[in-house]
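The structure presented is a predicted model; accordingly, all values stated were derived computationally and were not measured. Note that these values count all heavy atoms, side chains included, but never hydrogens, waters or copies made by symmetry. Lettering follows sequence order; numbering is per chain, from 1.
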Amino acid sequence: MSSASHLIDAFHGRYARCIDDGSLEEWPYFFAERCRYRVTTSDNYRQGLEAGVIWANSRTMLVDRVSALRDANIYERHAYRHLLGRAYVTEETGTEIEAETGFLVLRITRDGPTVIFASGRYIDRFELEGQALILKHRDVVCDSSQIDTLLALPL
Amino acid sequence: MSSASHLIDAFHGRYARCIDDGSLEEWPYFFAERCRYRVTTSDNYRQGLEAGVIWANSRTMLVDRVSALRDANIYERHAYRHLLGRAYVTEETGTEIEAETGFLVLRITRDGPTVIFASGRYIDRFELEGQALILKHRDVVCDSSQIDTLLALPL
Amino acid sequence: MSSASHLIDAFHGRYARCIDDGSLEEWPYFFAERCRYRVTTSDNYRQGLEAGVIWANSRTMLVDRVSALRDANIYERHAYRHLLGRAYVTEETGTEIEAETGFLVLRITRDGPTVIFASGRYIDRFELEGQALILKHRDVVCDSSQIDTLLALPL
């Protein structure tokens with residue numbers, strides 16, 4: 001119930017809204033220039049396997065990913081809805097905060113059914129810059145190993 | 001992370017509990033006497049189409065809707081469960097607060113499966129009356145265009 | 001928006017993380033030594049029927065339940081993901097707090113689909129011990145009467 005968890009909850013709110021509104025071009029700016037963004041599965045994560053489904057170590061790579069998604073026109077065909085749990089702060093030292101947060105992402109297909117796309121948890125390291133948070137690391141650990149190839153979208 | 005978002009989160013908690021507990025008669029009183037309540041789809045909303053699935057501009061109309069639901073005995077046959085995201089305050093001026101909040105509504109059929117009924121976002125304008133909030137506008141923007149005719153229930 | 005609801009939200013965050021991470025052995029310690037833990041259905045609860053799906057009145061019984069789950073090897077074959085709503089404080093007297101909180105639990109099967117396992121609400125009585133909360137009563141009221149026999153897992 002620290003104020004850190006409130007800051008993170010507010011961050012998550014902006015992050016989810018950005019993706020769900022389709023404002024993908026803004027998404028990389030939730031991350032520091034030098035950052036880590038990984039999407040992996042619970043099984044891989046538990047075994048300490050580095051190989052994730054997605055891996056990036058700079059904001060530039062995230063910008064490139066968004067461009068690729070736009071070019072492939074994949075993102076436009078679906079909509080997503082993020083529902084996030086409460087952030088659980090695991091470590092807080094100086095301006096660094098580590099936290100875990102459960103998530104559920106729904107995929108809405110045009111005139112089709114709405115389905116569960118992914119569930120899991122964010123394992124995050126934030127840097128506090130003034131009053132704002134920025135992501136240094138985000139490991140997206142999906143509960144299921146059955147990962148859709150469309151997982152190209154930001155989670 | 002303003003205190004406005006905390007007030008709204010608490011409001012959402014009461015609102016969701018009211019509907020999920022089946023206390024429909026209390027639902028209109030979350031709204032001001034002169035208000036706007038619309039249910040629409042993401043596609044319609046983006047195109048600026050006024051025509052929504054549901055439209056009301058007074059609390060009296062909402063009271064009438066509840067009576068109609070009770071008469072039709074529709075509501076009793078199902079239960080609903082609202083899960084709401086964190087409120088994102090988009091504007092705050094004087095006693096008016098505008099915010100957006102993601103939602104997921106499940107439908108539970110008696111002895112049948114629990115299914116995803118709707119997802120989307122509330123686009124709200126609240127008025128602060130003393131320490132309590134009241135809805136001036138609620139646009140319920142559903143992600144999917146596939147809207148169940150049972151959507152007569154409050155969202 | 002009382003600070004009680006913030007304490008409870010933080011409690012829920014820890015509770016959900018404990019189960020979803022598979023740290024079942026820690027789960028009984030969210031409860032007081034003398035406690036009540038019941039899982040029941042909305043229909044039974046409304047009718048005031050005592051008979052629940054699960055019933056325990058001490059932490060020791062919860063510890064036994066975890067052992068049984070481990071022995072039966074049921075828990076390991078699935079993963080769960082809890083998504084909780086905002087706690088709604090219904091009563092606060094001295095060091096006792098009563099609250100209700102909506103929940104959604106997903107079940108993830110290895111390489112299979114992720115499905116809605118249960119939705120419902122926690123009806124809780126907490127005791128404030130110093131700055132920490134402990135559960136005196138938790139009634140888990142499931143929305144659906146269609147309860148999976150695997151419901152042996154903690155909810």
J.: Does any non-hydrogen side-chain atom of C:Arg17 lie less than 4.5 Å from one of A:Arg121?
T.: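 Side chain of A:Arg121 against side chain of C:Arg17, heavy atoms only: no contact under 4.5 Å found.
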J.: Do A:Ile116 and C:Ile116 pass the side-chain contact (heavy atoms from CB on, under 4.5 Å) test, and can you show the C-alpha distance, the side-chain angles, and the key distance before you say yes or no?
T.: CA-CA 9 Å; A:Ile116 295 171; C:Ile116 295 172; 4.2 Å; yes
J.: Check whether any side-chain heavy atom of A:Leu104 lies under 4.5 Å from a side-chain heavy atom of C:Thr114, and answer yes or no.
T.: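 Counting from C-beta outward, A:Leu104 and C:Thr114 never come under 4.5 Å.
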J.: Just give me the residue among C:Leu106, C:Leu83, C:Leu84, C:Val115 that pairs up with chain A most often, heavy atom to heavy atom, under 4.5 Å.
T.: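 The option with the most such pairs is C:Leu83.
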J.: So, do C:Arg14 and A:Arg86 sit near enough that their side-chain heavy atoms are less than 4.5 Å apart?
T.: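 No; the side chains remain at least 4.5 Å from each other.
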J.: List the atom of A:Ser119, the atom of C:Arg81, and the distance in Å for their closest heavy-atom pair.
T.: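 Closest approach of A:Ser119 to C:Arg81: CB-CG, 4.0 Å.
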